[in-house]
Amino acid sequence: MSASEAVTDALRELHARFAGVREGRQADYIPELTRSDPDDFGLALVSMDGHSYSAGAADTPFTLQSVSKPFVYALALASLGLDEVSRWVGAEPSGEAFNAISLEPGTGRPANAMVNAGAIVTTALVPDSREQPAFGRILTCLSRFAGRKLDVDEDVHGSEAATGDRNRALAYLIRSTGTLPVDPVAAVDTYFRQCAVRATAVDLAVMAATLAYGGVNPVTGERVVSPEVAAQVLAVMATCGMYDSSGDWLLRVGLPAKSGVSGGLLAAGPARFGLAAYSPLLDASGTSVRGHAALGALSERLGLHLMKNPALPGSTVTLVTTADVLPSAPSGRLARALHERVGVVAAQGALDFTAAERVLYALDESGSEDADPVILDLREVTGADSDALALLHAGLSRLAREGRRAAVVDPGDRLGPPDLVRERTGQDLPRFGSREEAAEQCARAVAGPG
Ligand code: GLU
């Protein structure tokens, strides 16, 4: 037993709650998919530290089907960039079924990469060469997202290849528009193969977690795609990932997600979790019934809805005061008065734009006179992104211009390399190892020479 088993317990509870749901039916237009066990039901969650939790049939392999689409879209984006990919496949919800014949009038461009027509184009766009065939690149990419080598279920591939005329028809239609520089008809078999790649619910949770973690697989530590590509994929999943129920899903569950007709379903809580479910009984729009219910309940229980503000109020600035509260405050009247005029602001945790704004506001709040010096203590700050740093530098630069002296306690260089800080703030910001040292220096500066 261990404390973190409580997370597993939460999954087990959901599993028990929905395992008895018998609604829905297996997809049968790919005959081989009816061989899955309708009772199978697995749930998995992977954290941003790569911790993995699961319940039920989370290690049962099934084929990715449409769950492959966002990841192949990621590969196309990483290879060609958003502008080029967007010339050939859009990013608008189609409001139609996954296999709808929805091509933009005039251009023939599929609505988005999550419906079959768009996914076939996306697959066709993946670079294909003799040394590196497109499917090899796709399988490698899917495997890096999952953090292990995935393989193809040849029976499911054969079954779809034998019956997939509708997808071929879509590809012919796309080709008939004559604009695509690559052949969508030739890409259909590669598309069938990517749909037949086998994975488990735990794999899906790792794949979702990799998108949620800005493109770095939190289990292997490998960067799979850039943060920009991960964000682009999540955005399209949020608006188009659940076919014609995407709007309702975003409204109720509030997470970028993707479902597939074999019963796999994954959802990403950006910067939080990767979640996945597997259960082959599908609703009318092709999404796992139990998976939908379980991920919906989990999102509600853990407060994962994207539109709920995750920032904890007041968690950045831990102290706004004057230096006279420091243990080393001097006792002499003059020295003490000088010390009283030195403001101290301490911050903690990871700084993003929101947190940096709090820090700057606290700097303004500290000190009674405009010209009083202030100490910014960053020792408990664990990191700062580039937007937060730029804002902090700009704020410190304003202080300097207004004649307010600032000093930082920043042994870990959280504020960035001194050269950059000098360039951005227009001053040599004094840095100290402790608040006491900084306070003494500031008080001396207030007292002036002598
Ligand atoms: N291979 C399936 C198809 O193209 C994938 C569809 C899905 O999972 O929604 O029909």
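Residue indices begin at 1 and follow the sequence shown. Read the numbers this way: they start at 1 and go in the same order the structure lists the ligands and their atoms.
- Ring-plane geometry between Phe41 and His15 is classed as parallel, the angle between the planes falling under 30 degrees on a 0 to 90 degree scale with a further cut at 60.
- Atoms of ligand 1 found under 4.0 Å from any heavy atom of Asn167, numbered from 1 in the order shown, are 3 (C), 4 (O), 10 (O).
- Legend: residues meeting side chain to side chain donor-acceptor pair (under 3.5 Å) with Thr210, ordered by chain and number and at least two apart, are absent.
- Gln194 is not listed as a side-chain neighbour of Leu75, based on a closest heavy-atom distance of 4.5 Å or more.
- Of all the heavy atoms of Arg166, none lies under 4.0 Å from any atom of ligand 1, so neither backbone nor side chain is involved.
- Contacts with ligand 1 closer than 4.0 Å are made by side-chain heavy atoms of Tyr191 only, the backbone lying farther away.
- Each of the following atoms of ligand 1 lies closer than 4.0 Å to a heavy atom of Cys195: 1 (N).
- The Glu160 neighbourhood of ligand 1 comprises atoms 1 (N), 2 (C), 3 (C), 4 (O), 10 (O), with distances under 4.0 Å to a heavy atom of that residue.
- Under 4.0 angstrom from ligand 1, the non-hydrogen atoms of Ser66 come from both its backbone and its side chain.
- For atom 9 (O) of ligand 1, the closest heavy atom belonging to the protein is Tyr243 OH, 2.4 Å.
- Looking at Lys258, Gln194, Gln65 and measuring to atom 2 (C) of ligand 1, the nearest heavy atom belongs to Gln65.
- Here the closest non-hydrogen pair linking Leu142 and Leu150 is O-CD1, 3.8 Å.
- Salt-bridge formation is detected for the pair Asp39/Arg22: a Lys NZ or Arg NE/NH1/NH2 atom is positioned less than 4.0 Å from an Asp or Glu carboxylate oxygen.
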Side-chain atoms of residues 24-33: list all donor-acceptor pairs with protein atoms under 3.5 Å, sequence neighbours left out, distances to 0.1 Å.
{"residue": "Arg25", "atom": "NH2", "partner": "Asp28", "partner atom": "OD2", "Å": "3.1"}
{"residue": "Gln26", "atom": "NE2", "partner": "Thr34", "partner atom": "O", "Å": "3.3"}
{"residue": "Gln26", "atom": "NE2", "partner": "Ser36", "partner atom": "O", "Å": "2.8"}
{"residue": "Gln26", "atom": "NE2", "partner": "Ser36", "partner atom": "OG", "Å": "2.9"}
{"residue": "Glu32", "atom": "OE2", "partner": "Arg35", "partner atom": "NE", "Å": "3.0"}

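- Distances between N or O atoms of Val261 and those of ligand 1 include at least one value under 3.5 Å.
- A salt bridge is absent between Arg109 and Glu92; no separation between the charged side-chain nitrogens and carboxylate oxygens falls under 4.0 Å.
- Those atoms of ligand 1 that come under 4.0 Å of a heavy atom in Gly260, given as number and element, are 8 (O).
- Rounded to the nearest 0.5 Å, atoms OG1 (Thr123) and CD1 (Ile138) are 5.0 Å apart.
- Distances between N or O atoms of Lys69 and those of ligand 1 include no value under 3.5 Å.
- Judged by the shortest distance from any of its heavy atoms, Tyr29 lies inside the 4.0 Å radius around the atoms of ligand 1.
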